[in-house]
Amino acid sequence: MSSYNHKAIESKWRAYWEETQAHTVAMDPAKPKFYCLDMFPYPSGAGLHVGHWRGYVLSDVWSRYKKLQGYNVLHPMGWDAFGLPAENDAIKIGIHPKISTADNVATFKRQLHEIGAMYDWAREVNTTDPDYYKWTQWIFLQMYKRGLAYRNEMPINFCPSCQTGLANEEVVQGACERCGTPVEKRNLMQWMLKITEYADRLLDGLKTLDWPEKVIKMQESWIGRSEGAEVSFAIDGKDDQITVFTTRPDTLFGATYMVLAPEHELVAKITTSEHAARVEQYVKQAMTKSSVERMASKEKTGVFTGAYGINPVNGKRIPIWASDYVLIDYGSGAIMAVPAHDERDYEFAMKFDLPIVPVIAETDGTVPELPFVISGILINSGPFNGMDSEKAKQAITEQLERNGLGKASVQYKMRDWVFSRQRYWGEPIPIIHCPKCGEVPVPEEQLPVALPDVENYAPTGTGESPLTAITDWVNTACPECNGPAKRETNTMPQWAGSCWYFLRYADPDNDKALAASEKLKYWLPVDLYVGGIEHAVLHLLYSRFYIKFLYDIGVVDFEEPFTRLFNQGMVTKDGAKMSKSKGNVVNPDELVEHYGADSLRIYELFIGPPEVDSEWMDNGIEGVYRFIQRVWNLVVRSLKDMPEPVLASEKMRHRLIATVAERIESFKLNTVVSAFMEYINQVGSTLDRKSLETLVILLAPLAPHLAEELWQMLGNEPSVFDAKWPEVDPEMLVVEKVVVAVQVNGKTRGTVEVAVDAPEQDVMSAAAKITSVINAVSGKAIVKTIYVPGKILNLVVR
RNA sequence: GCCGGGGUGGCGGAAUAGGUAGACGCUACGGACUUAAAAUCCGUUGGGCGUUUCGCCCGUGCGGGUUCGAUUCCCGCCUCCGGCACCA
């Protein structure tokens with residue numbers, strides 16, 4: 001008997017797919033499309049490990065499943081190849097990032113081929129290819145022209161190790177998301193993208209998406225919409241006024257002091273001479289604190305300015321303080337403090353002995369323990385006494401509005417996107433600075449602004465990119481006046497290229513547009529997007545923003561790029577994420593060599609629920625390998641001695657079709673594998689042709705090479721993927737006999753096998769023969785019986 | 001602190017519109033085959049107990065509750081992981 005030889009089989013079918021261009025797809029309006037996308041990788045030098053495989057296998061199973069169901073499946077792959085590691089290598093060992101990137105791409109591509117996925121490599125994209133980043137720059141110019149890209153000097157997060165500015169999204173607990181170095185605040189002239197203009201649409205769009213709840217929540221809280229009111233407080237004895245944002249206008253009568261952020265421009269203006277020295281010192285100190293330090297100590301600090309504000313509803317004079325617990329970049333950088341109903345204000349008031357006036361009582365009217373931060377009924381609030389918090393929010397806001405002292409307002413936690421990086425290996429921002437004309441966008445026909453070669457890649461650390469030193473690149477002519485001008489030397493963040501790459505796959509070679517609109521119309525949006533949870537608010541939020549913008553300018557006809565999102569779990573080893581430094585990386589290459597790609601593919605699925613982190617077990621793949629051999633041997637034996645189909649095997653066959661489809665649809669891929677294993681354990685030593693063919697088709701998404709080979713062995717023309725996904729005959733799923741559990745007082749005492757629709761009496765009489773049941777019932781009276789046909793018979797005895 | 005998701009055998013994990021807990025696989029043990037080993041195949045494998053082809057008790061993080069019946073629902077804890085973190 002010929003035995004299973006994974007090497008021969010897998011290389012044979014790899015070659016076959018290549019020759020027949022089996023994975024090359026084209027637009028076909030006659031067929032429904034399915035766009036199944038992997039988050040394209042950054043090609044690092046370390047290569048792929050079994051954790052990377054997981055998501056790629058998952059998306060390939062879906063792609064192949066959809067293909068068998070008759071869809072025209074787009075399943076592309078490419079490279080997110082701009083980024084710091086290549087640049088840091090260049091600094092260290094002097095190899096041009098272009099070269100190291102190309103090397104890494106070659107390694108990755110070879111490893112990805114091992115998976116045997118149905119990638120259409122003719123559509124490969126690479127973000128560092130000038131023909132690609134031409135369009136990344138083009139999108140930037142469109143944003144610039146519509147005022148969504150602007151330059152601003154402001155304090156931004158700066159990573160001293162990466163020596164570049166960072167977006168808020170790239171700062172994790174005060175540290176650089178990439179390297180973990182605590183970030184500093186630096187005042188730099190930065191390019192910004194006005195993502196805040198899309199805040200509400202980004203929020204509303206989430207409702208339409210079939211995404212994991214967790215990611216939706218993360219984006220919601222990142223956008224951080226809060227509704228409230230802006231309230232203006234006059235400053236006693238001055239013409240200036242302070243505007244604050246509050247979500248609790250209902251507590252306005254309880255505002256007993258105000259606080260300005262230390263950086264607030266009014267601080268210096270309103271501070272009285274006798275407080276000036278102390279205030280100056282405090283402000284200086286607060287501004288030199290790093291954000292990490294500022295977060296580390298929750299101990300309230302602050303200083304009185306000597307000035308007073310006037311509470312617009314009751315005319316009370318309240319002191320104005322400066323404190324770093326108020327953030328300059330949220331709301332107006334100033335607050336009204338209501339210590340009775342806000343924990344932070346309460347703490348501050350206690351420390352500095354400021355008055356605390358409760359204005360909200362429990363719904364039953366009792367004055368609660370302070371601080372009382374939830375809603376209730378208004379007290380000490382003049383005409384609003386007795387009113388419910390929620391109503392009072394509106395009523396007080398309306399009164400302020402009538403008097404011109406305030407208005408309803410919405411604030412967001414999300415800030416505009418810091419978009420410039422002071423690094424080399426990124427897309428140059430296509431802007432020219434002319435001493436006469438100012439900022440001038442590079443004319444579209446001059447795109448791409450190609451990245452020049454440099455001698456020294458090291459960042460300057462002064463907030464300037466290494467490109468600054470390439471004088472013959474920097475010095476250029478102004479597109480408007482033709483006079484001498486300089487190129488913008490900042491580059492774009494890595495996210496720029498990944499915001500729209502999935503559009504390019506639809507039409508990767510187009511040099512007239514980022515993609516032809518009929519192709520975008522056919523292939524997009526992405527039906528299933530598979531990748532790690534780490535991009536929950538970065539890439540996925542930025543992409544959504546880009547697509548909404550491209551929708552607004554008529555490039556695409558949809559507003560959300562990724563209809564369905566699936567986040568695969570990590571593969572851990574010894575309880576930890578795989579990494580070179582921990583030395584716990586499991587290399588797929590050796591496993592493919594030993595067990596074959598099909599075994600590894602199936603083990604990647606079998607390891608656990610795909611959305612959950614799973615521990616890698618070296619022995620686990622053995623079981624899968626044995627399973628594959630059992631399938632192989634079953635086919636080989638059956639070919640020698642093919643039985644005729646019988647009812648029992650027909651029923652099992654239909655049951656398998658139904659189970660596999662249902663479990664693939666619900667992403668229970670680990671249980672799809674066990675369904676196959678159970679099936680193989682159940683069927684005899686041989687099977688009829690129809691059952692075998694069905695088994696092979698169902699198995700094809702998981703183990704494509706094996707399926708092709710078996711399909712051919714069974715006498716069919718390749719490819720198995722031209723076959724149709726088998727249909728289920730619902731009649732065949734009907735079961736006649738079932739095992740019913742017999743319980744006494746809810747405790748299972750035995751089982752009886754009866755007809756599915758057996759009347760209660762039949763089950764009862766069968767149950768009465770079970771020793772364990774007799775024991776439990778003897779000497780007691782049956783007071784009640786509960787019979788759930790096909791499930792349980794429960795005898796309640798006393 | 002706030003928000004979200006988990007805790008099931010020696011291990012990875014099945015099973016939740018409430019209905020036989022531990023499917024499937026790994027490990028381990030026993031057996032068959034073999035000169036022997038590997039591979040393969042067949043058994044056993046949650047814990048405890050007994051009168052051991054059978055029966056009893058306990059068992060899904062802990063403590064309560066609802067129910068004929070709870071891994072599943074409710075209340076209160078413990079604990080682990082992830083996100084946010086002075087956002088007014």
Side-chain angles (χ1 to χ4, degrees), chain A residues 3 172-174 212-222 224-226 228 244-248 251 255 259 261 294-295 297-300 323-327 329-338 341-345 347-348 373 411-415 533-534 536-537 570 602-603 606-609 611-624 626-627 629-630 633 668 670-681 685 739-752 771-772 774-776 783-788 790-798:
Chain A
S3 62
V172 179
Q173 297 182 351
E213 198 53 36
K214 181 182 178 154
V215 177
I216 290 178
K217 281 263 161 61
M218 281 167 76
Q219 293 212 352
E220 273 172 2
S221 66
W222 188 263
R225 180 190 158 100
S226 39
V244 303
F245 172 73
T246 177
T247 54
R248 293 296 302 273
T251 64
V259 187
R294 209 158 144 165
M295 278 194 305
S297 84
K298 295 246 170 176
E299 179 73 24
K300 297 277 179 290
S323 168
D324 68 1
Y325 87 90
V326 172
L327 307 174
D329 52 1
Y330 183 76
S332 59
I335 62 156
M336 64 176 209
V338 185
H341 305 290
D342 180 281
E343 276 164 19
R344 297 150 302 183
D345 297 344
E347 198 190 322
F348 192 85
V373 299
Q411 294 290 324
Y412 301 90
K413 217 182 83 173
M414 183 171 69
R415 313 288 148 80
I533 185 81
E534 64 273 18
V537 282
M570 251 184 347
I602 294 181
Y603 183 58
F606 193 52
I607 186 167
E611 71 282 8
V612 171
D613 292 352
S614 290
E615 173 71 9
W616 181 267
M617 308 234 294
D618 289 322
N619 290 319
I621 194 170
E622 295 269 0
V624 167
R626 277 179 214 144
F627 159 73
Q629 291 185 73
R630 279 201 284 268
N633 292 336
K668 294 180 171 176
N670 53 329
T671 65
V672 171
V673 178
S674 50
F676 279 117
M677 288 173 168
E678 278 175 273
Y679 181 75
I680 292 298
N681 292 345
S685 60
V739 177
V740 170
V742 181
Q743 306 180 331
V744 179
N745 287 348
K747 184 178 280 256
T748 304
R749 295 291 169 176
T751 57
V752 292
T771 324
S772 166
I774 298 164
N775 290 350
V783 295
K784 195 178 176 188
T785 62
I786 291 135
Y787 177 52
V788 183
K791 299 268 188 192
I792 55 117
L793 173 72
N794 188 12
L795 309 177
V796 184
V797 300
R798 207 183 289 141

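Just so you know, these numbers come straight off a predicted model, no measurement behind them. Letters go in sequence order (proteins before strands), and every chain restarts at 1.
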**Prompt:** Which of the following nucleotides, B/U20, B/A85, B/A88, is nearest to the side chain of A/Y330?
**Reply:** B/A88
**Asked** What's the CD1-P distance between A/I786 and B/G18, to the nearest Å?
**Response** 15 Å
**For A/N775, all residues meeting side-chain hydrogen bond (donor to acceptor under 3.5 Å, both in side chains), sequence neighbours excluded** = none
**Prompt:** Judged by atom type as modelled, is there a donor-acceptor pair below 3.5 Å linking the side chain of A/N633 to the main-chain atoms of A/Q629?
**Reply:** yes
**Item:** Residue-phosphate contact under 4.0 Å: A/K791 side-chain N/O, B/G18 OP1/OP2
**Value:** no
**Request:** Using the P atom on both, measure B/C33 against B/C26 and round to a whole Å.
**Result:** 23 Å
**Prompt:** What is the distance from CD of A/E299 to P of B/C86, rounded to the nearest Å?
**Reply:** 16 Å
**Message:** Taking B/U45 as the reference, what is the distance to B/G9 when you measure between their C1' atoms (whole Å, please)?
**Reply:** 10 Å
**Fill in**
When rounded to whole Å, the CG to P distance for the pair A/L795 and B/U67 reads 20 Å
**Asked** Counting just side-chain N and O atoms, does A/Y325 come under 4.0 Å of either OP1 or OP2 of B/A88?
**Response** no
**Request:** Indicate yes or no: at least one non-hydrogen side-chain atom of A/I335 is less than 4.5 angstrom from one of A/D345.
**Result:** yes
**Fill in**
Sorted by chain and residue number, the side-chain contact (heavy atoms from CB on, under 4.5 Å) partners of A/E347 (sequence neighbours excluded) come out as A/K300
**Fill in**
Output row for RNA chain B, stems defined as at least 3 consecutive Watson-Crick or G-U pairs under 3.5 Å, is B:1-7 with B:78-84, B:10-12 with B:24-26, B:28-32 with B:40-44, B:46-50 with B:54-58, B:61-65 with B:73-77
**Gap in Å between the two C1' atoms, one belonging to B/U8 and one to B/G22, rounded** = 8 Å
**Test ring-ring contact (aromatic ring centres under 6.0 Å, His included) applied to A/Y603 - qualifying residues, sequence neighbours left out** = A/W616
**Complete:** By side-chain hydrogen bond (donor to acceptor under 3.5 Å, both in side chains), A/S772 pairs with (sequence neighbours left out) none
**Asked** Using a cut-off of 4.0 Å between protein heavy atoms and nucleotide atoms, how would you tag nucleotides 54-60 of chain B 5' to 3' with B, S and -?
**Response** -SSSS--
**Item:** Under the side-chain contact (heavy atoms from CB on, under 4.5 Å) test, residues paired with A/R225 that sit two or more places apart
**Value:** A/D200, A/L203, A/E227, A/V410, A/Y412
**Sub-4.5 Å side-chain heavy-atom contact between A/V373 and A/H341** = no
**Message:** Without decimals, in angstroms, what is the distance between A/I216 CD1 and B/G82 P?
**Reply:** 22 Å
**Prompt:** Out of B/U20, B/A85, B/A88, which nucleotide sits closest to the side chain of A/I792?
**Reply:** B/U20
**Message:** I'd like to check the side-chain hydrogen bond (donor to acceptor under 3.5 Å, both in side chains) partners of A/S226; sequence neighbours left out, ordered by chain and number.
**Reply:** A/Y330
**Message:** Taking side-chain hydrogen bond (donor to acceptor under 3.5 Å, both in side chains) as the definition, give me every residue that meets it alongside A/R415, ordered by chain and number, with sequence neighbours left out.
**Reply:** A/D329
**Item:** B/U71 and B/U16, which share atom name C1', separated by this distance in whole Å
**Value:** 8 Å
**Prompt:** Who are the side-chain contact (heavy atoms from CB on, under 4.5 Å) partners of A/T671, not counting sequence neighbours?
**Reply:** A/R663, A/K668, A/S674
**Gap in Å between the two P atoms, one belonging to B/G18 and one to B/C73, rounded** = 9 Å
**Fill in**
Of the listed B/C41, B/C68, B/A88, the closest approach to the A/K784 side chain comes from B/C68
**Asked** Considering only B/G69, B/C24, B/C41, which nucleotide approaches the side chain of A/N794 most closely?
**Response** B/G69
**Item:** Gap in Å between the two C1' atoms, one belonging to B/G7 and one to B/G61, rounded
**Value:** 6 Å
**Message:** It should be established whether A/R626 places a side-chain nitrogen or oxygen under 4.0 Å from OP1 or OP2 of nucleotide B/U40.
**Reply:** yes
**Asked** Expressed as a whole number of Å, how far does the P atom of B/A36 sit from that of B/U27?
**Response** 23 Å
**Message:** Distance check, C1' atoms only: B/C78 and B/G69, in whole angstrom units.
**Reply:** 27 Å
**Asked** For B/A88, does either OP1 or OP2 sit under 4.0 Å from a side-chain N or O belonging to A/S226?
**Response** yes
**Prompt:** Using the purine O4'-C1'-N9-C4 or pyrimidine O4'-C1'-N1-C2 torsion, is B/U52 syn (within 90° of 0) or anti?
**Reply:** syn
**Message:** If I compare all heavy atoms of A/A536 with all of A/M218, which pair ends up nearest, and what's the gap?
**Reply:** CB-CE, 3.5 Å
**Message:** A/Y787: which residues meet the ring-ring contact (aromatic ring centres under 6.0 Å, His included) condition with it, sequence neighbours left out?
**Reply:** none
**Item:** Nucleotide B/A88, atom C1' - distance to CZ of A/F348 in whole Å
**Value:** 13 Å
**Message:** Nearest whole Å is fine: how far is B/A70 C1' from A/Q743 CD?
**Reply:** 11 Å
**Complete:** The contact string for nucleotides 1-13 of chain B, one letter per nucleotide 5' to 3', using protein heavy atoms under 4.0 Å with B, S and - for base, sugar-phosphate only and none, comes out as ----------BBS
